[in-house]
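Data block below; observations after.
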Amino acid sequence: MSYLDELNDVQRKAATHINGPIMVLAGAGSGKTRVLTFRIAHLIEKGVDPFHILSLTFTNKASREMKTRISRIVGDGMSKSIWMGTFHSVFSKILRFEADRIGYPSNFTIYDSDDSKSLLKTIIKELNLDDKVYKPSLIQRRISSAKNGLINATEYQKDTIIYNEDVQAKKPMLGKIYGIYENRCFKAGAMDFDDLLFKTNILLKTNADILFKYQEKFKFIMVDEFQDTNFAQSNILKMLAARHENICVVGDDAQSIYAFRGANIQNILQFKSLYPDVTTYKLEQNYRSTKTIVEAANHVISNNKEQLQKDVWTHNDQGEQIKLIKCLSETEEGSFIANEILELKTRDSCNEDSFAILYRTNAQSRALEEALRKRNIHYRIYGGVSFYQRKEVKDILGYFKMCINPNDEEAFKRILNYPARGIGKTTQDKIIVAASEEGKSPWEIVLNLDQAHLPLTAAVKTKINEFVYLIRSFQVMAAEKDAYEVGSHIASATGILREFYADKTPEGVSRYENIQELLSGMKEFSEIALEEDEEDAKNPRALGVFMEDVALLTDVDNKDAKDDDQPKVSMMTIHSAKGLEYPYVFIAGMEENLFPSQLSVNSRSELEEERRLFYVALTRAEKKAFISFASTRFKYGSMNYCEPSRFIGEIDPSLIESPAIQKTLKRELTKPAGFKLADHIAPRKLVKPIGSSGSALGAADMAKLEIGTKVKHERFGNGEIVGLEGEIPDRKATVEFRGVGKKQLLLKFAKLQILES
DNA sequence: AGTATCGTCGTTTTT
DNA sequence: CGACGATACT
């Protein structure tokens with residue numbers, strides 16, 4: 001049992017506690033993954049059959065890491081039978097297995113968010129609704145949160161509270177859209193991301209025998225990042241664990257940063273009331289960071305009201321103070337960071353791998369990138385458009401999907417006329433409409449084209465039939481051959497590969513490479529699957545198997561291997577940095593309305609989430625953290641003045657390298673508003689940001705406006721009042737915006753800021 | 001049918 | 001500002 005010696009006292013207690021509900025509250029850098037892996041190893045050593053262990057993580061990467069770590073302790077053979085993966089991948093596996101119980105085919109396709117958005121768009125159009133009012137992205141979010149709350153379309157439509165909300169939001173048809181959407185997904189044999197959890201709930205709730213089966217199978221359940229689970233997930237856990245109550249959740253409420261997509265921090269805060277006899281272990285010793293960083297992070301997070309008591313500490317050195325960098329613009333911010341990296345590299349003789357630049361939004365990466373590129377510093381951006389979401393990849397995947405599940409409406413639309421085969425949009429619309437009217441899938445319509453009586457010319461019908469014939473030939477092949485063979489056949493038979501090969505523009509080349517990469521991934525899949533052949537009776541190398549979890553993969557998983565081993569600075573959003581650590585961490589763009597995000601400043605709970613996000617950012621650093629902010633920043637093409645983030649003022653001044661700066665900042669931050677920053681560069685200073693920025697003017701501020709007053713509008717930029725009419729509070733202003741022209745604005749709605757000339 | 005031009009909208013964050 | 005979609009034109 002030598003591995004247990006590697007644990008500290010609490011870690012060991014948590015890892016060796018076998019039965020009953022357990023909650024491990026793990027502060028940042030306190031070795032929670034280690035506890036989880038050792039606990040699994042320990043269970044196995046104590047005679048628990050790995051077959052009875054379920055281990056859920058939040059990302060594929062985390063699950064893969066854990067898998068390798070466990071294999072190293074207990075051996076490959078043992079670790080192989082543990083069910084380990086993300087919620088989505090594990091439950092999609094179960095859903096495929098039990099699909100018939102909920103009326104789904106086991107080869108259902110998974111709609112990614114683009115697919116579901118596109119389906120919503122078609123539905124909105126079919127209902128003749130205005131897509132300015134019924135914005136697909138909004139509708140999508142609303143439906144998603146309904147599903148996360150386990151509310152189906154019928155319940156949604158019956159719920160008067162929800163209905164009133166929708167009426168108030170001028171979207172009374174939302175329930176209807178939800179209903180149609182659900183139905184269309186069902187007809188297409190498709191599930192969206194939320195369905196994977198939602199339908200699992202239904203499956204387990206309505207089939208006592210299946211629930212029993214999995215309760216008995218998963219006698220020991222482990223959940224990582226528990227603070228990020230949503231209601232649908234926690235409910236699944238509750239059901240599965242109900243019989244044996246051997247559930248071990250690990251998490252840190254201070255690092256809950258996914259509430260925006262339904263994660264419910266109450267799951268961890270209230271875990272105790274769900275399992276009164278829970279044993280709680282607190283991992284409070286931080287092994288990652290310096291005292292400075294730990295103290296700063298503690299200080300910041302103590303401003304949150306909702307949290308579990310924890311006292312993170314470390315034996316590590318005090319370390320260097322946090323360096324605060326004040327810049328004039330985002331360009332300068334980039335330069336500062338880049339220069340700092342160059343300096344540290346020499347001084348500490350470390351390479352680029354030691355650095356990470358973290359930011360709140362992806363849009364910030366551009367200016368930072370430029371600065372690095374200029375100095376020839378190699379970097380890598382994590383996140384962004386995932387490989388499997390690239391157009392060319394999705395197009396090919398569309399063909400694959402049609403082989404597995406031809407009822408997939410989104411795949412059908414995607415490839416019907418791609419590559420161009422003379423089946424235009426009008427024709428496509430006719431097919432889709434006919435399908436939706438008859439409650440069939442588009443594929444079923446084209447299969448029996450003559451019976452559909454569509455007003456189509458003979459020429460078009462021929463083309464459609466050729467398309468049908470082509471797809472069928474692919475389907476036949478997919479049933480027999482392995483994934484790689486089918487894949488490369490499709491890529492060349494459709495002419496897609498040739499098209500990109502001929503295209504010598506950089507985009508064309510990159511598309512070609514992406515297709516090649518997809519194919520080589522399939523080749524690898526086919527070869528690996530070949531080795532593990534005995535397991536399954538059916539063809540494990542089949543395209544269908546390959547496609548099963550493609551939708552759930554992100555590129556982070558894929559990239560590691562192919563990247564050359566040149567050291568690189570890592571750049572990513574704070575969200576994607578969770579779980580990672582770097583000696584030097586730069587947190588860029590620490591400004592009000594950016595971090596914390598503008599959308600969060602009006603609610604306490606959202607603000608607390610932003611603060612947790614900052615906590616996560618800080619605690620990524622091992623040796624030293626840098627915090628930078630700019631006083632101006634481009635946003636939507638126009639320049640904005642920024643105030644330093646309130647979070648900066650929440651760090652104890654003694655922990656900051658330039659106390660002078662921070663002291664001034666503190667004074668500024670405690671004042672209501674209107675202090676000046678960097679007045680030596682500001683061509684026009686912000687005298688009074690009225691109201692909290694992002695809201696409309698109050699009556700008192702309206703009265704201050706007169707002809708000639710300079711104002712700023714969120715979207716139109718800077719302008720000058722050239723006319724005023726009407727009485728407060730219904731006063732209307734005519735504003736001449738630079739480069740935009742005159743606009744009439746109703747002051748009680750328009751989000752204006754008053755500027756001094 | 002395919003291209004060109006114009007308008008719009010948005011920035012949180014991801015499975 | 002830049003990406004993307006919708007409309008208009010050829």
Side-chain angles (χ1 to χ4, degrees), chain A residues 56-63 85-92 110-114 116-118 121 125 131-132 135-138 140-141 144 147-148 191-198 225 228-230 232-233 256-263 330 358-367 382-386 388-389 391 417-428 460 463 549-557 572-578 589 593-601 606 609-610 612-614 616-617 633-640 714-717 739-740:
Chain A
L56 294 166
T57 54
F58 201 61
T59 63
N60 294 305
K61 195 171 132 227
S63 120
T86 63
F87 275 87
H88 293 267
S89 72
V90 164
F91 295 122
S92 80
I110 298 173
Y111 277 176
D112 66 22
S113 27
D114 288 342
S116 41
K117 198 191 264 172
S118 145
K121 258 187 208 164
K125 211 182 272 173
D131 66 354
K132 298 269 149 47
K135 283 190 191 159
S137 54
L138 254 152
Q140 188 179 28
R141 237 176 296 159
S144 168
K147 283 186 184 173
N148 287 335
M191 294 203 200
D192 63 21
F193 285 143
D194 301 315
D195 279 332
L196 296 175
L197 307 172
F198 182 72
E225 309 281 16
D228 288 327
T229 51
N230 62 28
Q233 290 165 323
S256 162
I257 54 173
Y258 284 103
F260 72 92
R261 69 163 195 219
E330 70 260 61
L358 309 182
Y359 35 80
R360 181 64 181 78
T361 66
N362 280 311
Q364 289 167 254
S365 71
R366 198 159 282 186
Y382 288 83
V385 200
S386 129
Y388 293 98
Q389 306 224 49
K391 221 181 263 136
N417 195 35
Y418 180 83
R421 48 174 71 88
I423 308 175
K425 208 175 169 319
T426 345
T427 311
Q428 178 187 305
V460 171
K463 285 172 184 162
D549 45 23
V550 155
L552 300 174
L553 293 179
T554 47
D555 19 89
V556 187
D557 312 311
M572 68 194 93
T573 63
I574 301 168
H575 282 89
S576 30
K578 192 162 74 161
N593 296 331
L594 178 59
F595 194 11
S597 147
Q598 193 164 7
L599 301 164
S600 72
V601 292
E606 286 176 60
E609 173 145 320
E610 296 283 314
R612 292 193 294 267
L613 196 54
F614 184 44
V616 169
R633 186 176 292 275
F634 273 92
K635 199 180 181 187
Y636 304 147
S638 67
M639 192 162 70
N640 276 60
E714 245 188 354
R715 200 156 83 242
F716 302 125
V740 180

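Residue numbers start from 1 in every chain, and the chains themselves are labelled A, B, ... in the order their sequence lines are given, proteins ahead of strands.
No side-chain donor-acceptor contact under 3.5 Å links N593(A) to the backbone of S597(A). One N or O on the side chain of Q140(A) and one on the backbone of S113(A) form a donor-acceptor pair closer than 3.5 Å. At least one donor-acceptor pair closer than 3.5 Å links the side chain of H575(A) to the backbone N or O of I257(A). Although no hydrogens or angles enter the test, the distance criterion places a donor-acceptor pair under 3.5 Å between the side chain of N417(A) and the main chain of I423(A).
Considering only side-chain N and O atoms, T573(A) lies under 4.0 angstrom from the phosphate OP1 or OP2 of dT14(B). The phosphate of dG10(B) (OP1 or OP2) has a side-chain N or O of K135(A) nearer than 4.0 angstrom. The shortest distance between the side-chain N/O atoms of S113(A) and the OP1/OP2 oxygens of dT14(B) is not below 4.0 Å. Side-chain nitrogen and oxygen atoms of N417(A) include none within less than 4.0 Å of the OP1 or OP2 phosphate oxygen of dA1(B).
DNA chain B is contacted by both L613(A) and T426(A); T426(A) maps to the nucleotide lying nearer its 5′ end (nearest heavy atom per residue). The 5' end of DNA chain B is approached more closely, in terms of each residue's nearest nucleotide, by Q364(A) than by the other of Q364(A) and F87(A).
Closest approach to the R366(A) side chain among dT15(B), dG2(C), dT13(B) is made by dG2(C) (side chain taken as heavy atoms from C-beta onward). In this structure, of dT13(B), dT14(B), dT15(B), it is dT13(B) that holds the atom nearest to the side chain of H575(A). With dG5(C), dT15(B), dT13(B) as the candidates, the nucleotide lying closest to the side chain of T361(A) is dT13(B). With dG5(C), dT15(B), dT14(B) as the candidates, the nucleotide lying closest to the side chain of H88(A) is dT15(B).
Using a 4.5 Å heavy-atom cutoff, the side chains of F260(A) and L599(A) are not in contact. Side-chain atoms of Y359(A) and L594(A), non-hydrogen and from C-beta on, never get closer than 4.5 Å to each other.
Remark: C1' of dT14(B) and CG of N230(A) are 12 Å apart, rounded to the nearest angstrom. Atom CD in E610(A) sits roughly 12 Å away from atom C1' in dT11(B) (whole-Å rounding). N640(A) places its CG atom 16 Å from the P atom of dT11(B), with the value rounded to the nearest Å. Spacing between atom OH of Y636(A) and atom P of dG2(C) amounts to 15 Å, rounded to whole angstrom units. Rounded to whole Å, the distance from NZ on K425(A) to P on dT7(C) is 9 Å. Taking atom CZ on R261(A) and atom P on dT14(B), their separation rounds to 8 Å, with Å as the unit. Computed from coordinates, the K578(A) NZ to dT15(B) P distance equals 11 Å when rounded to whole Å. One interatomic measurement links the two molecules: CG of D195(A) to P of dT15(B), which rounds to 18 Å at whole-angstrom precision.
Judged by the 6.0 Å distance and 45° axis criteria, K578(A) is positioned over the aromatic ring of F58(A).
Counting all heavy atoms, side chain and backbone alike, D194(A) lies closest to S144(A) at OD2-OG, 2.9 Å.
With sequence neighbours excluded, the residues forming a salt bridge (charged side-chain N to carboxylate O under 4.0 Å, His left out) with E609(A) are R612(A), listed by chain and number.
Using a 4.0 Å heavy-atom distance criterion, R633(A) is classed as making no nucleic acid contact. Heavy atoms of F260(A) sit under 4.0 angstrom from at least one base atom. Contacts of S600(A) with the nucleic acid, taken as non-hydrogen atoms under 4.0 Å apart, are absent. No contact: F595(A) has no heavy atom under 4.0 Å from any strand. Residue contacts for K391(A): at a heavy-atom cut-off of 4.0 Å it reaches no nucleic acid atom on any strand shown.
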Open item on the list: Please convert DNA chain B into dot-bracket. A pair counts if it is Watson-Crick or G-U wobble with both distances under 3.5 Å; crossing pairs go in [ ] and bases paired with another strand get |.
Closed with: ||||||||||.....

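dT13(B) sits 14 Å from dC4(C) when the P atoms are compared, rounded to a whole Å.
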